[in-house]
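The structure displayed is predicted, hence computed values, not measured ones. Numbers here simply count residues along the sequence, with the first being 1.
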Amino acid sequence: MILDVKLSRGRILTMNPDQPAASTVGVWRGRIVGLDDDVAGLPAKRTVDLDGATVLPGFIDAHTHLTWAGRARRTIDVSSCRTAEQVLQALRGAAGEGWIEGSGYDRRTLDRPVTAADLDTVSADRNIYVQDASGHACVVNSAVLKQLSGIISDGWLTETDQSAARALRLPYSLDEICEDLHHSARQVLSEGVTTCAEAGVGAGLLAGSPVEVAAYQRADLPIRVQLMVSADVLRPVGAHVDDGITRAIDLGLRSGFGGDRLSIGALKVWTDGGMMARTAALTEPYVGTDNTGVLLDERAAILDGHAAGWQLAVHAIGDRAVDFALDTIAEAQARVPRPDTRHRIEHCGLVRPDQLSRIAELGLIPVLQPTFLWAYGDDYSAIMGPDRAPWMYRGQSFLDHGITIAGSSDRPVADGAPLRAIEFMVERQSVGGARIGPGEELTVDDALAAYTLGGAYACGLEAELGSVSPGKLADFTVLADDPRTAPRISGVEVVATVVGGEFAYDRTSP
């Protein structure tokens with residue numbers, strides 16, 4: 001055999017307990033054929049001397065938004081604004097005709113919120129839509145409000161009202177979406193990510209077009225992508241009564257369809273909002289308020305999706321939403337028992353101690369965004385209060401209950417780099433220096449597992465990805481240093497990213 005690629009003289013952290021370390025890996029036809037002595041004597045078309053660099057399985061971002069992240073760069077970025085007037089000044093620079101779109105709005109950091117009346121001073125005729133950084137809210141001008149029947153607002157819209165405003169702007173063209181996807185793919189590759197789970201296509205809060213899956217097919221991306229389908233696109237179907245399927249997407253497609261480059265993953269169901277927008281559903285109010293967030297009754301989608309054979313990805317951030325998810329998934333399993341469903345709770349942001357055992361009993365997978373607490377942990381701790389703050393985006397407590405966790409970014413809500421998130425999981429320290437959730441710290445090995453083995457398991461891809469093992473796809477992250485011993489994990493440089501044995505990103509290339 002002549003290998004396609006041989007990587008030698010590396011420090012390979014395989015994430016495979018049967019062979020945890022190696023120095024050489026051989027690749028043929030996009031797959032790993034062996035390590036060390038198994039391939040040492042085999043010739044290769046290309047041999048890469050790693051010169052001591054550290055190799056890990058390619059990072060898996062189990063919950064991200066490639067289209068939204070790419071689209072954000074084509075809008076007016078107001079994330080650095082600190083006053084309402086600065087936001088308005090940025091928007092006044094919008095050229096051309098049609099909608100004026102902004103992104104990165106965060107009223108928590110401004111001197112005062114921007115209102116529809118403020119936006120009317122930018123333009124009273126053009127529609128203006130400025131998306132909140134959380135993705136769960138926006139602020140619009142009076143021209144947009146006039147088109148929204150029955151909605152009375154000062155311009156600030158959340159959840160379903162926000163979706164109604166977005167629907168006025170949609171769809172984006174497939175050409176635009178393809179361009180956005182390629183931009184995001186280049187970004188994630190530079191951070192060592194080889195596989196992304198796109199968290200909601202076709203409809204819902206952040207979709208770009210009802211036919212946007214066509215853009216993923218057309219784009220031919222240099223990364224692997226698994227698509228979560230929004231539960232909004234389920235519709236009644238005339239399946240045989242014995243099938244037990246009352247709602248589905250066209251042709252009965254569901255989780256597992258596709259290949260190793262592009263496939264359909266879970267059914268995405270939203271049950272609440274987010275902490276940033278103060279719409280995550282809580283059992284007790286946000287500190288200093290009587291607000292307990294927004295709970296969306298998606299019981300029918302969960303029951304129907306489970307019965308139709310889907311893996312479920314249930315967005316639940318607040319503990320009240322987590323209760324709802326647990327109760328409804330338990331009901332779904334009681335009605336239609338299914339083994340190894342791999343149902344997931346996306347975010348699982350606030351989990352009371354009594355909920356941990358139920359998550360374990362139901363075999364659910366929390367898909368976490370550790371960087372949320374690095375970037376926003378000071379604010380989140382304040383609105384939760386000292387009693388609840390330790391429950392946020394848990395780490396060790398999940399592992400203590402035998403729960404598999406997966407790491408993710410929710411890009412572009414926060415920094416998408418896995419190494420940044422891994423560092424937080426180990427240190428539990430916010431950008432402001434606060435320690436959040438003492439006792440929830442993970443070892444570096446366990447944090448790395450969340451972005452490799454855990455991500456693969458959450459996406460049902462553990463037979464193909466997640467470890468450097470013979471037979472698996474040859475996806476690698478090459479690092480300048482070992483994150484287990486580096487003085488600062490987030491400071492470790494990504495040297496290269498390999499997908500299917502091909503160097504999709506190489507820091508040394510122009």
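Under the ring pair (Phe, Tyr, Trp, His ring centres under 6.0 Å) criterion, F372 pairs with Y393, not counting sequence neighbours. Looking at residues two or more places apart in sequence or on another chain, you find no salt bridge (charged side-chain N to carboxylate O under 4.0 Å, His left out) involving R320. With sequence neighbours excluded, the residues forming a side-chain hydrogen bond (donor to acceptor under 3.5 Å, both in side chains) with E440 are R394, S397, listed by chain and number. Every residue was checked against the salt bridge (charged side-chain N to carboxylate O under 4.0 Å, His left out) condition with D272, not counting sequence neighbours, and none meets it. Every residue two or more places apart in sequence or in another chain was checked for a side-chain hydrogen bond (donor to acceptor under 3.5 Å, both in side chains) with Q311, and none qualifies. Considering only residues two or more places apart in sequence or on other chains, H343 meets the ring pair (Phe, Tyr, Trp, His ring centres under 6.0 Å) condition with H306. Partners of R247 according to the salt bridge (charged side-chain N to carboxylate O under 4.0 Å, His left out) rule, which considers only residues two or more places apart in sequence or in another chain, are D304. In this structure S209 satisfies the side-chain hydrogen bond (donor to acceptor under 3.5 Å, both in side chains) test with no other residue, sequence neighbours excluded. Looking at residues two or more places apart in sequence or on another chain, you find no ring pair (Phe, Tyr, Trp, His ring centres under 6.0 Å) involving F398. Taking the side-chain hydrogen bond (donor to acceptor under 3.5 Å, both in side chains) definition, one finds that T477 meets it with nothing, sequence neighbours left out. Checked against ring pair (Phe, Tyr, Trp, His ring centres under 6.0 Å), W68 has the following partners two or more places apart in sequence or in another chain: H65.
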Item checked: Stepwise side chain to side chain donor-acceptor pair (under 3.5 Å) test for D154 and T115 -> CA-CA 6 Å; D154 64 354; T115 66; over 6 Å; no
Next item on the list: Quick one: do Q217 and L174 satisfy side-chain contact (heavy atoms from CB on, under 4.5 Å)? Show the steps, please.
Entry: CA-CA 10 Å; Q217 291 181 284; L174 292 179; over 6 Å; no
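For the pair P390 and D387, the tightest heavy-atom approach, listed with the atom from each and the gap, is CD-O, 3.6 Å. Closest of all the heavy-atom pairs between M276 and V413 is CE-CG1, 4.0 Å. In plain terms, the two heavy atoms of L350 and Q355 that are nearest each other are O-OE1, 3.9 Å. Taking both residues in full, the closest heavy atoms of S80 and Q86 are given as O-OE1, 4.4 Å, listed atom of the first, atom of the second, then distance. Of all heavy-atom pairs between A316 and A325, the closest is CB-CB, 4.4 Å. The shortest non-hydrogen separation linking A277 to A137 is CB-CB, 4.2 Å.
With hydrogens and angles ignored, the 3.5 Å screen pairs no side-chain donor or acceptor of R342 with any backbone N or O of A266. Side chain of Q147 to backbone of A143: a donor-acceptor contact under 3.5 angstrom is found. Side-chain N or O atoms of H315 include one that pairs as donor or acceptor with a backbone N or O of G273 at under 3.5 Å.
By the 4.5 Å heavy-atom criterion applied to side chains, L326 and I345 are counted as neighbours. V287 places a side-chain heavy atom less than 4.5 Å from the side chain of R388. Considering only heavy atoms from C-beta on, V87 stays 4.5 Å or farther from V139 through its side chain. Side-chain atoms of Y105 and I76, non-hydrogen and from C-beta on, never get closer than 4.5 Å to each other. The shortest side-chain heavy-atom distance between T452 and F59 falls under the 4.5 Å cut-off. E423 places none of its side-chain heavy atoms less than 4.5 Å from the side chain of V492. L148 is listed as a side-chain neighbour of L157, based on a closest heavy-atom distance under 4.5 Å. In this structure the side chain of L282 reaches within 4.5 angstrom of the side chain of M384, judged on heavy atoms.
Residue pairs satisfying the side-chain hydrogen bond (donor to acceptor under 3.5 Å, both in side chains) criterion with at least one member in residues 275-285, sequence neighbours excluded, are listed as follows: E159-T279, R278-D379, T283-D319.
For the 3.5 Å distance criterion, the side chains of R92 and T121 qualify, holding a donor opposite an acceptor. At a cut-off of 3.5 Å, with distance as the only test, no side-chain donor of D132 or Q162 sits close to an acceptor on the other residue. Side-chain atoms of D61 and S409 form a donor-acceptor pair, as typed in the model, at a separation below 3.5 Å. A donor atom on one side chain and an acceptor atom on the other are found under 3.5 Å apart for D77 and S79.
Salt bridge status for R299 with D327: absent, with no side-chain N to carboxylate O gap under 4.0 Å.
Note that the CG atom of L253 and the CH2 atom of W310 stand 7.0 Å from one another [nearest 0.5 Å]. If you take CG on D415 and CZ on R420, they are separated by 6.0 Å, rounding to the nearest 0.5 Å.
Just one of V114, N141, V130 meets the side-chain contact (heavy atoms from CB on, under 4.5 Å) condition when paired with L91; it is V130. The residue from R73, R71, R218 that alone fulfils the salt bridge (Lys or Arg N to Asp or Glu O under 4.0 Å) condition with E179 is R73.
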